> 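Questions regarding the structure given below will be posed in turn.
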Amino acid sequence: MPSDPVAQLIQQELASSDAAAPVKVSSTAAALRPINPDVAEADFYAQRHYLPAWSDSENTKQLLASLDATVLDGLNPADYHVDELAKAEASLLASTPTPAQRAHFDIAATHAYITALLQLRRGKVDPRQLDKQWNFDPATIDPEQDLALIVDAVNTHRVTQAFQQAPPQNVIYGKLRDGLAKLRAIEKSGGWPTIAAGTPLKPGIVDPRVEGLRARLIAGGYLDASLASGSSYDEPLEAAVKRFQTEQYLPVDGTAGKTTLAALNVSITARIDQVRVNLERARWLLHAMQGTFVVVDIAGYKVSYYRDGQRLWRSRVQVGKPFRSTPIFQAQITYITFNPTWTVPPTILAKDILPKIRKDSGYLAANRIRVLNAKGEVIPASSVDWRSPRGIMLRQDSGPDNSLGRVVIRFPNPYAVYLHDTPHKDLFSSEQRATSSGCIRVENPLQLVQLLFNDPVKWSAAAIAAKLQTTTTENVTLPIKVPLLLAYWTVDLTDDGRVTFKTDVYGHDAALLKALNTPPAPALTPTN
């Protein structure tokens, strides 16, 4: 038993079953943290022999300032009861507090300290509450090291530094954070204007609404502030609109029509929330983006290959339609299929292929699709009752017009999803590319295959081309498995660090924002 009376009360309160519940780290954090949440505060104080951590005014000052600063990371300082802690500290300083009051305050401050650090590191929201299939591992750290760091920061009066080091130490996170600060500055100065509805604003016209368009584009960083005046739709304004359209994945025509005006009129508050949502995703995922890996940006319709943390290649992709969405998960790319055949999945057979067969009896032959029975034997299409087929499979022969194209990049997963070539290359020119049945169609997939093998002698571009010319279906195992991340981001970062916005094609942002804004369960009141 410690001799300090406050330390004695801290130990007693932590040991009390009545007090244990309110001082636990929240259940959301419990699913994410590497140390046992039930004994987090107890472990912390045991390391300090139960001596109070926040009787030192410098520590408390740093803690309160750091809790307030979580707003810069898109979190809500109220979640950590920072105002109540500040009032409680002021009350303690203005009186002669009892040991019980000091102990109670100390435990509440420690609860806020540990919870905030964990949420900065791994996120406030447990992604498995939003997606039951979520299989990304949370950021890991040795539990003893984790505890030692948070204890040492208090012992050495480096609480601020602990908060600075808690979020992902990644340039992407830093730029998102900077982007959020810029948006909040715009909001504080009055936001950006809404452009009145009306006919499309086109190059060459004169319209009073053009000045509103100029003001909106200046606020977003697309047009120089010196060009604020004028109701004429001139070339600099057209260039700014095209830049906005490009970054918003809209048709790039230089005309501010209905769709472009709707994107321009999204409120500053909504855009702030969009960045906050993606900062939370960054806390979930950025730790996994290290070394060599492939990442599919589903909402951004692109795929990138990284080696030693540096992006070596990027290409456009087509992803699942909203009603057949591409799932979010991680896997290991294990092998490549050259000259693949395509076995029609049951859903596509029922919803897509059968109606075409019933309409056109020559559809199967025209698309080089064979009919197989339950034993895998080819049978005549004419022997099947296409009004109610039973016990059959459809398989398309390999070739450039095969639905999988010339190559498939495979990775074990329960969704039968993979990356593959496609004969539908014309769709890559569209800005909105949610066009597949769930798999990821890749533009220039052979370039990615060459990078995955990482053997310029055996697997050069010429060697891969020769493999395809055989027209023989062949599976080739990669010498080293390559991690694959299928991720969902609804913001982008430009080369100059600006945050731009994508369409939330699958509507995932709303549920995450709701969870991010949900207050935590009532915490231990910091005063007695």
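Bear in mind the structure is a predicted one, so any value in this text is a computation, not a measurement.
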> What distance do Leu452 atom CG and Leu478 atom CG have between them, rounded to the nearest 0.5 Å?
5.5 Å

> Against Asn278, only a single residue in Asp492, Thr490, Asp509 fulfils side-chain hydrogen bond (donor to acceptor under 3.5 Å, both in side chains); can you say which?
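Per the side-chain hydrogen bond (donor to acceptor under 3.5 Å, both in side chains) rule, the option paired with Asn278 is Thr490, out of Asp492, Thr490, Asp509.
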
> Between atom CG of Leu51 and atom CD1 of Ile10, what is the distance when rounded to the nearest 0.5 Å?
8.0 Å

> Pair Arg307, Asn454 - check side-chain contact (heavy atoms from CB on, under 4.5 Å), show working.
CA-CA 10 Å; Arg307 185 178 295 159; Asn454 193 23; 3.2 Å; yes

> Any side-chain to backbone donor/acceptor pair from Ser91 onto Lys87? Under 3.5 Å, distance only.
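No, the answer is negative, given that no donor and acceptor are paired below the 3.5 Å cut-off.
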
> Taking Arg128 for the side chain and Trp134 for the main chain, is one N or O donor matched with an acceptor at less than 3.5 Å?
no

> Around Ile480, counting heavy atoms of other residues, nucleotides and ligands shown, do more than 12 lie under 6.0 Å from its CD1?
no

> Examine distances only and state if a side-chain atom of Ser304 and a backbone atom of Arg314 form a donor-acceptor pair shorter than 3.5 Å.
no

> Which heavy atom in Ala162 sits nearest to a heavy atom in Ala153, and how many Å separate them?
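In this case the closest contact between Ala162 and Ala153 is CB-CB, 3.7 Å.
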
> Can you check whether Val275's main-chain N or O pairs, donor with acceptor, with Arg271's side chain at less than 3.5 Å?
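Side chain of Arg271 to backbone of Val275: no pair is present.
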
> For Cys439, is there any backbone N or O sitting under 3.5 Å from a side-chain donor or acceptor partner on Gln318?
no

> Where the side chain of Asn413 meets the backbone of Phe411, is there a donor-acceptor pair that is under 3.5 Å apart?
yes

> Look at Arg214 together with Asp224 and state whether they make a salt bridge at an N to O cut-off of under 4.0 Å.
no

> Determine, for Asp73 against Arg276, whether the closest basic-nitrogen to carboxylate-oxygen distance falls under 4.0 angstrom.
no

> Regarding Arg410 and the six-membered ring of Tyr418, is the cationic atom NZ or CZ under 6.0 Å from the ring centre and inside 45° of its axis?
yes

> Show your working on side-chain contact (heavy atoms from CB on, under 4.5 Å) between Phe501 and Val266 and close with a plain yes or no.
CA-CA 10 Å; Phe501 302 93; Val266 174; over 6 Å; no

> Could you tell me whether a side-chain N or O of Gln330 sits under 3.5 Å from a main-chain N or O of Leu486, the two making a donor and an acceptor?
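No; judged by distance alone, with no hydrogens or angles, the pair does not exist.
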
> Going by an N to O cut-off under 4.0 Å, is there a salt bridge joining Arg498 and Glu247?
yes

> Please check if the number of heavy atoms outside Lys202 that lie under 6.0 Å from its NZ is greater than 12.
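Not buried by this count: 12 neighbours or fewer within 6.0 Å.
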
> How long is the straight-line distance from OG1 of Thr255 back to CD of Glu238, given to the nearest 0.5 Å?
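Those atoms lie 7.0 Å apart.
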
> Testing Glu431, Arg433, Gln432 one by one against Tyr301 for a side-chain hydrogen bond (donor to acceptor under 3.5 Å, both in side chains), which residue passes?
Gln432

> Walk me through it: do Tyr113 and Trp54 pass the test ring-ring contact (aromatic ring centres under 6.0 Å, His included)?
CA-CA 11 Å; Tyr113 172 57; Trp54 310 103; 5.3 Å; yes

> Examine Arg209 relative to Tyr233 and say whether NZ or CZ is less than 6.0 Å from the centre of the six-membered ring and inside a 45° cone about the ring axis.
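No.
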
> Using the six-membered ring of Trp192, assess whether NZ or CZ of Arg216 lies under 6.0 Å from its centre and within 45 degrees of the ring axis.
yes

> Would you sort out whether Leu448 and Tyr305 count as a side-chain contact (heavy atoms from CB on, under 4.5 Å), showing the intermediate values?
CA-CA 7 Å; Leu448 177 56; Tyr305 173 88; 4.0 Å; yes

> Check the pair Gln101 / Val6 against side-chain contact (heavy atoms from CB on, under 4.5 Å), numbers first and verdict last.
CA-CA 9 Å; Gln101 289 174 321; Val6 178; over 6 Å; no

> Is the distance from the ring center of Phe329 to that of Tyr415 below 6.0 Å?
yes

> Can you label the angle between the Tyr50 ring and the Tyr45 ring as parallel, tilted or perpendicular, going by 30° and 60°?
parallel

> side-chain hydrogen bond (donor to acceptor under 3.5 Å, both in side chains) for Arg441 and Ser436? Distances and angles first, verdict last.
CA-CA 7 Å; Arg441 302 169 179 167; Ser436 82; 5.1 Å; no

> Is the count of non-hydrogen atoms from other residues, nucleotides or ligands lying under 6.0 Å from Lys302 atom NZ greater than 12?
yes

> For the pair Lys124 (side chain) and Thr518 (backbone), establish whether a donor and an acceptor sit closer than 3.5 Å, ignoring hydrogens and angles.
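Such a contact is found between Lys124 side chain and Thr518 backbone.
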
> Which is it for Gln245 and Thr260 under the side-chain hydrogen bond (donor to acceptor under 3.5 Å, both in side chains) test, yes or no, and what are the steps along the way?
CA-CA 7 Å; Gln245 289 171 331; Thr260 297; 3.0 Å; yes

> Can you tell me if Gln62 and Glu58 form a side-chain donor-acceptor pair at under 3.5 Å?
yes

> Could you label the plane-to-plane angle of the Tyr506 and His508 rings as parallel, tilted or perpendicular, counting under 30° as parallel and over 60° as perpendicular?
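Tyr506 and His508: perpendicular rings.
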
> Drop me the distance from Thr326's OG1 to Ile440's CD1, to the nearest 0.5 angstrom.
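Thr326 OG1 to Ile440 CD1: 5.0 Å, rounded to 0.5 Å.
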
